[in-house]
Amino acid sequence: MSESKIKERTPITGEDKKELECPSCEESVQIRDYSENKVICNNCGRVIKDKIKDRGPEWRAYDQKEKENRSRGGPPMKETIHDRGLSTQIDWKNKDSKGKSISPEKRSKIYRMRKWQKSTKMNEQKDRNLSLAFSEIQRMSSQLGLPNNVRDVSSKIYRKAVDEDLIRGHSIEGMATAALYIASRKNQVPRTLEEFAEVSYMDKNEFCKNYRYMARELDLDLPPADPVNYVARFSSDLDVSGEVKTRAISLINKAQEERLTVGKGPSGIAAGAIYLASKLEGEGRTQSEVAEAAGVTEVTLRNRYKEIKEAFDLDA
DNA sequence: CGGAGTAAAAGGCACTT
DNA sequence: AAGTGACTTTTACTCCG
């Protein structure tokens, strides 16, 4: 290990909490400090700062020796491995760590240890349950392009659901989907129920019930998804310009101030705003194109679009 | 074809018996 | 735990340019 590996960390000041400017967006950039460990541009979705909570060791090493003394060993706990990656496997071979055979007296002891390990660990339904759920979460989150922190949060939620005995009587797939859905909402990177239904084995109504049940039982407060968080994704599907995107976001923000959006489906609002913005910016997109991208019907789009248009007296 | 609108059916939510 | 009512969304259809 070289001397250069010891980094001096700057102390954390209040500056970190402040709003930053996103390098890839122009004006009116909103940046939020999302619950996990990232600062993500609310406008374009760019990750400005990663792992902001990992500020390195809380101590400072003044020389190599001190560093070695103070470092704590072991790999980090991995939330997505069913036993948090802390398990020790007992090998089936009757050899010790140096490859020598083990004496007959010790063999019976080892045998008992294996048996014990099997009955307490491998055979526990709970762990199978978690392994299955975590691999489902892994699969779906990569198919949906969700960031790793969302995956980890959903694993945490699922583990908690298991601990509180909420899974019994429900399918593992459904509850895993529900946990991921909740995590994606909590981390402000929502995907619509339809998008989840596409990658899940469950149908929409099935895990929809699961997620409500889960959110209620775990006392998770899930504020309604912000339409702004859908804009970036829908617009890139539609291949519209950044101007349309920012315009749509500002329309949504204004509409929210006017209380036009309460009780309405967020994806419908996003669709209406994008459609109107594309018209205002002279990049006509058809209603059916936008509606398709947002996963709502044209009628819903028209309703939102009309409301926003009339509220601000915009002619398009 | 794209846009606008409507009526009726369906679905979800808060609240009550 | 089923029922109710206000509300949003969808379905299906019509009309216009």
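Below, read A as the first sequence line, B as the second, and so on, with proteins coming before strands; counting in each chain starts at 1.
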- Rounded to the Å, how far apart are A:L276 CG and B:dA4 P? 11 Å
- Separation of B:dG2 atom P from A:Y305 atom OH, nearest Å, is 15 Å
- A:F312 six-ring centre to A:K254 NZ/CZ under 6.0 Å and within 45° of normal: yes
- Under the 3.5 angstrom rule, does the side chain of A:R191 hit a backbone N or O of A:L144 as a donor-acceptor pair? yes
- Message: So, does A:R285 get its side chain near the phosphate of B:dG2, meaning an N or O under 4.0 Å from OP1 or OP2?
- Response: no
- Identify whether the distance between the nearest side-chain nitrogen and carboxylate oxygen of A:K160 and A:D163 falls below 4.0 Å. no
Could you list, one pair per line, each protein nitrogen or oxygen that sits under 3.5 Å from a nitrogen or oxygen of nucleotides 7-13 of chain C, together with the distance?
unit_1: C:dT9; atom_1: OP1; unit_2: A:G265; atom_2: N; d: 2.5
unit_1: C:dT9; atom_1: OP2; unit_2: A:R304; atom_2: NH1; d: 2.2
unit_1: C:dT9; atom_1: OP2; unit_2: A:R304; atom_2: NH2; d: 3.3
unit_1: C:dT10; atom_1: OP2; unit_2: A:T297; atom_2: N; d: 3.3
unit_1: C:dT10; atom_1: OP2; unit_2: A:T297; atom_2: OG1; d: 3.0
unit_1: C:dT10; atom_1: OP2; unit_2: A:T300; atom_2: OG1; d: 2.4

- Phosphate contact (B:dG3 OP1 or OP2) by A:Y275 side-chain N/O below 4.0 Å: yes
- Task: Quickly work out the A:Q287 CD to C:dC16 P distance and round it to whole Å.
- Result: 18 Å
- Taken to the nearest whole Å, CZ/A:R216 to C1'/B:dG12 is 14 Å
- Query: Have A:Y158 and A:N129 got a donor and an acceptor in their side chains that come within less than 3.5 Å?
  - Reply: yes
- Where each residue is assigned the nucleotide of DNA chain B containing its nearest heavy atom, which of A:N205 and A:K306 is assigned the position nearer the 5′ end? A:K306
- Using atom CD of A:E289 as one end and atom C1' of B:dC1 as the other, report the distance to the nearest whole Å. 12 Å
- Message: Looking only at side-chain N and O atoms, does A:T192 offer a donor or acceptor that is under 3.5 Å from a partner on A:E195?
- Response: yes
- Strictly by modelled atom types, are A:S241 and A:E281 linked by a side-chain donor-acceptor pair under 3.5 Å? no
